[in-house]
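What follows is one structure encoded as structure tokens, with my remarks underneath.
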Amino acid sequence: MIELLKKHFGYESFRPLQEEVIGHCISGKDSLVLMPTGGGKSLCFQIPALYFPGLTVVISPLVALMKDQVDALNANGIPAAFLNSTLSPVEISRVEGLVRAGKIKLLYLAPERFAMPGVRSFLHELTISLFAVDEAHCISEWGHDFRPDYRNLYLLRQYFPGVPIMALTATANERVRDDIVNQLKLGEGRVFRSSFNRPNLTYRVQPKKRAFDQLLAELKQRPDQSAIIYCFSRKSTEKVAADLCANGVKAAAYHAGLTPNQRTQAQERFIRDQVPVIAATIAFGMGIDKPDVRLVVHMDLPKSVEGYYQETGRAGRDGLPSDCLLFFSLGDRIKHEYFIREMEDLDARERTRSQLQEMVKYGELRTCRRAFLLRYFAETWKESNCGSCDVCVPRAPLKPVEETVTEFDQELFAELRASRKQLAEARRVPPYMIFGDKTLQEMARKYPQNTRDLEEVFGVGKGKLTQFGESFLNVICSYAAKNGIQKDRTSSVIAPKAAVSARALTKTVMETVQQLARKETLEHIAEKRHIGIGTVIQHLELALEHGQLLDTSHIVFSSDDRLARIAEAFRKTGNDFLAPARNRLDSSYSYEELRLARFLLKSGSKKQV
Ligand code: ADP
Ligand code: ZN
């Protein structure tokens, strides 16, 4: 299975639960898979589909999503197709022909097709190995997105008694879960529920004061990154979008009051990276699979925690660090209460009111926000500090966590993104379908310059290598030639600081190196060059990493004893990252001190310690 994963998707390992689900499925049993958005549900049936000899039929509720999923599979070189109402009769018989000839591994179908007698007899001609029911909560009236056509799916068991069914959803609600099991008659089924924690998301709440200015500052820190700004009313989506544009941030509005054409256009421009920011009502999001949304902002108080979790869940599906920010004001509650009072159904009124109450609690929380969210979904969270919410990390800098975790050559990354966009436009697919950001970032860190090295990069499978490999290698090779980069920098343990292009790095780093060679002290160099000591050390670390020999004999460290303790901390953590080593030491040790020690140890001048 892991080979299929590597070969077709270019991934190294399975995410939590994927392997268990796949193993269960290929033994021919039913399953219900509950995973949060971005958890990696699709692979749970895509890998078995590649493994099984017959066809896998995927039921999916949204026409737009179906096409996306099929395009994404095709980009990976996997033969997939869909049948829905957007196809002409000619196209339908073409797809049916391919399926009959055994040329398709995954066939996506809209649920209403199951009630059609022609479709039923067509499916009966085939060898079907698996039915996957995606967005399975649509079957339940208790879910937030009930689709009457999903009720037809009880026919699956009746028509195809021997074929295993896998149902998948990101809804954790128990009532919905029971409904799915009953409706689909999942027999010897097992329920697989992964944690609903989204470790790469940070949660912040800020008082709703001068919210627009705060928003603008957030967006200016993330030029070109995708963000969704949720607003309460249609009018405010338009105002936010217009104000952002007036302030130099490209943004579009999206709400149910636009014509279908306008809506599709706004959505497409967002998905295709033509406009990075979308200001929307909650009508926006269903059916958007964009994996690289880096920020989700709520300008106004959402009406339930469930909704809030769903909406913030659209951030960071690709697993890269992303932020969720809520502007909170008790005044917003009054707006909601006005609507609640208008509700005629008393039960519904009470339910809505208590949901709102929970959301207000979230806004006013003095304990971990992540723990609150997970408890809301009946999950326990034992850690006392999640490390990525504003309660656990007070005074967190208003910076995406993007910046401390992954380090890569930003200039090359920008070039790779530009060429990805061109390729995507030529093929009329969203850029993320060519390669995800994580893949481009890894390229901008490892500088692969031949097919063999490129194959090793995250997200580069066989299919994509054949289709896109050459284009990206061209970009990397010419960039590397221009900047005199020969080999991959990952072999080195020191990660280069982000935002320094290789060329700029060389010039500015060499300047620092020359001053050191003149036996200047670090303080002196920092002062002369108007940079911080931390930066000076970073330059020198980079130079070391590039094989420069540095004479540091004139640099003094506060005490040999402290240096020895730091060296020991690095040894014990088994790597040379600052934070884990610092955690092993008492609070008198600063990052600056650790950084200096690390540099001196690496330079070799203090090896004996
Ligand atoms: P979901 O349907 O649960 O929201 P997806 O199936 O769309 O999630 O997966 C989210 C993202 O994670 C996709 O970009 C997918 O390619 C990626 N992904 C899934 N499984 C893995 C894995 N084992 N390793 C790396 N990336 C993965
Ligand atoms: Zn927390």
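Remember, it's a predicted structure, so these values are computed and weren't measured experimentally. Hydrogens, waters and symmetry mates play no part in the numbers below; they use all other heavy atoms, side chains included. Indexing begins at 1, ligand by ligand and atom by atom, following the structure's order.
Taking every non-hydrogen atom of Arg317 and a distance limit under 4.0 Å, the qualifying atoms of ligand 1 come out as 4 (O), 10 (C), 11 (C), 12 (O). The distance from ligand 1 to the heavy atoms of Ser13 drops below 4.0 Å at these ligand atoms: 22 (C), 23 (N), 24 (N). Under a 4.0 Å criterion applied to the non-hydrogen atoms of Ser42, ligand 1 contributes the atoms 2 (O), 5 (P), 6 (O), 7 (O). Atoms of ligand 1 lying under 4.0 Å from any heavy atom of Phe458, numbered from 1 in the order shown and given with element: 25 (C), 26 (N). Residue Pro36 approaches ligand 1 through these ligand atoms, each under 4.0 Å from one of its heavy atoms: 3 (O).
Ring pair His298/Tyr308: centre-to-centre distance below 6.0 Å. Ring centers of Tyr150 and His137: at least 6.0 Å apart, outside the cut-off.
Considering backbone and side-chain atoms together, Asp289 places no N or O closer than 3.5 Å to any N or O of ligand 1. Checking only distances, Gly38 does come within under 3.5 Å of ligand 1, N or O to N or O. Annotation: Gly40 places an N or O atom under 3.5 Å from an N or O atom of ligand 1; distance criterion only.
Contact annotation: for Ala170 versus ligand 1, there are no heavy atoms closer than 4.0 Å. With a heavy-atom cut-off of 4.0 Å, Gln18 touches ligand 1 through its side chain alone.
Within the 4.0 angstrom cut-off, atom 13 (C) of ligand 1 has no protein heavy-atom neighbours.
Counting non-hydrogen atoms of neighbouring residues, nucleotides and ligands closer than 6.0 angstrom, the OH atom of Tyr51 reaches no more than 12 such neighbours. Under a cut-off of 6.0 angstrom, the local environment of CD in Glu425 is crowded, with over 12 non-hydrogen atoms contributed by other residues, nucleotides or ligands. Atom NZ of Lys303 sits in a sparse spot, with 12 or fewer heavy atoms from other residues, nucleotides or ligands closer than 6.0 Å.
Within the cation-pi definition used here (under 6.0 Å to the ring centroid, within 45° of the axis), Lys361 does not qualify as a partner of Phe372. A cation-pi arrangement is absent between Lys208 and Phe328 under the rule of less than 6.0 angstrom and at most 45 degrees off the ring axis. For Arg370 and Tyr203, the positive end is not near the middle of the six-membered ring at less than 6.0 Å and at most 45° from its axis. Stacking of Arg420 on the aromatic ring of Phe435 is not recorded, the 6.0 Å distance cut-off and the 45° axial limit not both being met.
The nearest heavy-atom contact from the protein to atom 3 (O) of ligand 1 is Lys41 NZ, 2.8 Å.
Looking at Arg314 and Tyr230, their side chains do bring a donor and an acceptor atom within 3.5 Å of each other.
The closest approach between Gly436 and ligand 1 stays at or above 4.0 Å for every heavy atom of the residue. At a 4.0 Å cut-off, not a single heavy atom of Met35 sits close enough to ligand 1 to count as contact.
Nearest-heavy-atom check against atom 15 (C) of ligand 1 across Tyr11, Phe45, Phe14, Phe9 picks out Tyr11. Of the candidates Leu43, Asp134, Ile2, Thr37, the one placing a heavy atom closest to atom 19 (C) of ligand 1 is Leu43.
Here the Zn ion (ligand 2) is the vertex; the SG atom in Cys368 and the SG atom in Cys389 give an angle of 120° (to 10°).
A tilted orientation is assigned to the rings of Phe196 and Tyr309, their planes being inclined by 30° to 60°.
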